[in-house]
Engineer: 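Quick one: the structure is below, questions incoming.
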Amino acid sequence: MASIPTLSSSCIPSISPNNVSNPTTNNNNLHFTSLFGTRITIHRLSPIPPFPSVSCSTRATTATVSFSLPTTKPKADTIDKIPQWSARSIKSFAMAELEARKLKYPNTGTEALLMGILVEGTSKAAKFLRANGVSLFKVREETVELLGKSDLYFFSPEHPPLTEPAQKALDWAVDEKLKSGDGGEITVTHLLLGVWAQEGSAGRQILSTLGFNDEKAKELAKEINEDVDLSFKKQA
């Protein structure tokens, strides 16, 4: 009987870091020997991420918040006296532009200023409106009823320009603050009363339809300066 050859451990190829010539490769090769008769390749499987990466191309409608509101050029002797708009006023204006864009209107009107005040929602003016039955949903509904729907394929600019009544509402707010002689900022209440002061405007018509009147305007005017200190730390 022929003797069975014994194999020493030195004859059996082993896989170790020393056998890999390039540590960065994904394949480990066993050297060819008479024992195996062929070359064996061990493939390392690349790790499969638990979730496939999904690319999203959806465009979101955003609003750019400025640090002031557009008003007419002040007189030379009042430039240094122009008060600043409060943080809530600026945010309300930014939300008004966004509401105009949502409805695909070419301009930001008094109706959009009214919606912006309600979207911001934390000012005395917004709380007063809601307490008196003037909600964002109702204002939107009345706006579409009064002004109609825009063309489906029309896209508003990023900053829809103000209508003439809306510009006058902002100017009214600035003028009233200057006339009062009080310190502090121009509040959302100034902005709302500026909308109400524009007779014949869409914003005033909507407010009148929803039950707002001169008596309520006078009641609101008593709290006209209550949003003056609006640092974000104190809002929290």
Side-chain angles (χ1 to χ4, degrees), residues 68-75 78 82-83 85-86 88-90 92-100 102-103 105-121 123-150 156 159-182 185-227:
S68 186
L69 304 190
T71 52
T72 54
K73 187 176 181 181
K75 298 178 181 179
T78 62
I82 295 295
W85 290 88
S86 69
R88 286 189 176 98
S89 297
I90 294 172
S92 295
F93 181 78
M95 294 299 101
E97 289 187 326
L98 183 58
E99 287 301 307
K102 283 181 179 179
L103 293 174
Y105 286 168
N107 298 95
T108 301
T110 51
E111 74 290 338
L113 294 178
L114 185 55
M115 287 186 283
I117 291 171
L118 289 165
V119 171
E120 192 281 328
S123 65
K124 291 285 184 181
K127 293 175 182 178
F128 184 87
L129 288 175
R130 290 197 299 270
N132 285 274
V134 182
S135 66
L136 176 61
F137 178 79
K138 289 180 181 179
V139 172
R140 279 180 180 158
E141 201 172 49
E142 290 296 328
T143 297
V144 174
E145 182 71 22
L146 181 64
L147 302 178
K149 294 183 179 180
S150 183
S156 302
H159 299 287
L162 290 168
T163 61
E164 184 177 350
Q167 183 64 70
K168 288 182 177 180
L170 297 185
D171 295 340
W172 185 96
V174 175
D175 290 341
E176 284 300 307
K177 186 63 180 179
L178 290 172
K179 288 177 185 178
S180 69
D182 299 328
E185 300 169 317
I186 307 171
T187 65
V188 183
T189 302
H190 286 99
L191 182 59
L192 176 58
L193 293 178
V195 171
W196 179 249
Q198 307 311 307
E199 295 186 8
S201 67
R204 175 158 180 147
Q205 292 181 51
I206 292 169
L207 284 171
S208 297
T209 301
L210 297 176
F212 196 87
N213 52 37
D214 287 331
E215 292 301 319
K216 291 181 178 179
K218 290 177 182 178
E219 182 183 347
L220 179 61
K222 297 176 183 178
E223 302 178 345
I224 200 166
N225 291 318
E226 292 202 16
D227 282 330

Engineer: Main chain of E215, side chain of N213: is a donor-acceptor contact present, judged purely on distance under 3.5 Å?
Structural biologist: yes
Engineer: What residues, two or more places apart in sequence or in another chain, satisfy side chain to side chain contact (heavy atoms under 4.5 Å, CB included) together with K138?
Structural biologist: S135, L210
Engineer: Measuring from atom CG of L192 to atom CG of L220, what distance do you get when rounded to the nearest 0.5 angstrom?
Structural biologist: 5.5 Å
Engineer: Partners of K216 by salt bridge (Lys or Arg N to Asp or Glu O under 4.0 Å), sequence neighbours excluded?
Structural biologist: none
Engineer: Work out which heavy atom in A197 is nearest to a heavy atom in W172; give both atom names and the distance.
Structural biologist: CB-NE1, 3.7 Å
Engineer: Find the distance between CD (Q198) and CG (D171) and round it off to the nearest 0.5 Å.
Structural biologist: 8.5 Å
Engineer: Please enumerate all residues that pass side chain to side chain contact (heavy atoms under 4.5 Å, CB included) together with A100, with sequence neighbours excluded.
Structural biologist: T108, A112, P160
Engineer: Quick one: side chain to side chain contact (heavy atoms under 4.5 Å, CB included) partners of P83, sequence neighbours excluded?
Structural biologist: K177, L178, I186
Engineer: With heavy-atom distances below 4.5 Å as the criterion, would you say the side chains of V139 and L207 are in contact?
Structural biologist: no
Engineer: Apply salt bridge (Lys or Arg N to Asp or Glu O under 4.0 Å) to E176 and list each qualifying residue two or more places apart in sequence or on a separate chain.
Structural biologist: K179
Engineer: Would you please name every residue forming a salt bridge (Lys or Arg N to Asp or Glu O under 4.0 Å) with E141, sequence neighbours left out?
Structural biologist: none
Engineer: List in chain and number order the residues that pass ring pair (Phe, Tyr, Trp, His ring centres under 6.0 Å) with F212, two or more places apart in sequence or in another chain; answer none if no residue qualifies.
Structural biologist: W196
Engineer: Do F128 and V188 come close enough that some side-chain heavy atom pair is under 4.5 Å?
Structural biologist: no
Engineer: Does the side chain of V174 come within less than 4.5 Å of W85's, by heavy atoms?
Structural biologist: yes
Engineer: Residues in side chain to side chain contact (heavy atoms under 4.5 Å, CB included) with P106, at least two apart?
Structural biologist: F154
Engineer: In Å, rounded to the nearest 0.5 Å, how long is the span from CD of E185 to OG of S86?
Structural biologist: 5.5 Å
Engineer: Can you tell me which residue pairs pass the side chain to side chain donor-acceptor pair (under 3.5 Å) test with a partner in residues 203-212, sequence neighbours excluded?
Structural biologist: none
Engineer: Which atom names give the shortest non-hydrogen contact between A202 and E111, and what distance separates them?
Structural biologist: CB-OE1, 3.5 Å
Engineer: Please round to the nearest 0.5 Å and tell me the distance separating atom CD of E164 and atom CD of Q167.
Structural biologist: 9.5 Å
Engineer: Return the NE2 to CD1 distance between H190 and I224, rounded to the nearest 0.5 Å.
Structural biologist: 3.5 Å
Engineer: Under a 3.5 Å distance rule, please check whether R140 uses its side chain to pair with a backbone N or O of E99 as donor and acceptor.
Structural biologist: no
Engineer: Looking at every non-hydrogen atom in both residues, tell me the closest pair between S150 and L103 and how far apart they are.
Structural biologist: CB-O, 3.4 Å
Engineer: What distance do L118 atom CG and L129 atom CG have between them, rounded to the nearest 0.5 Å?
Structural biologist: 5.5 Å
Engineer: Does K218 have any salt bridge (Lys or Arg N to Asp or Glu O under 4.0 Å) partners at least two apart in sequence or in another chain, and if so, which?
Structural biologist: none
Engineer: Test of understanding: with side chain to side chain donor-acceptor pair (under 3.5 Å), list the residues that count as partners of E219, not counting sequence neighbours.
Structural biologist: none
Engineer: Please give me the minimum heavy-atom distance between I117 and A126, naming the atom from each residue.
Structural biologist: O-CB, 3.5 Å
Engineer: Minimum heavy-atom separation for V195 and A169, please, with both atom names.
Structural biologist: N-CB, 3.8 Å
Engineer: Measure across A173 and L191 and return the closest heavy-atom pair with its distance rounded to 0.1 Å.
Structural biologist: CB-N, 4.2 Å
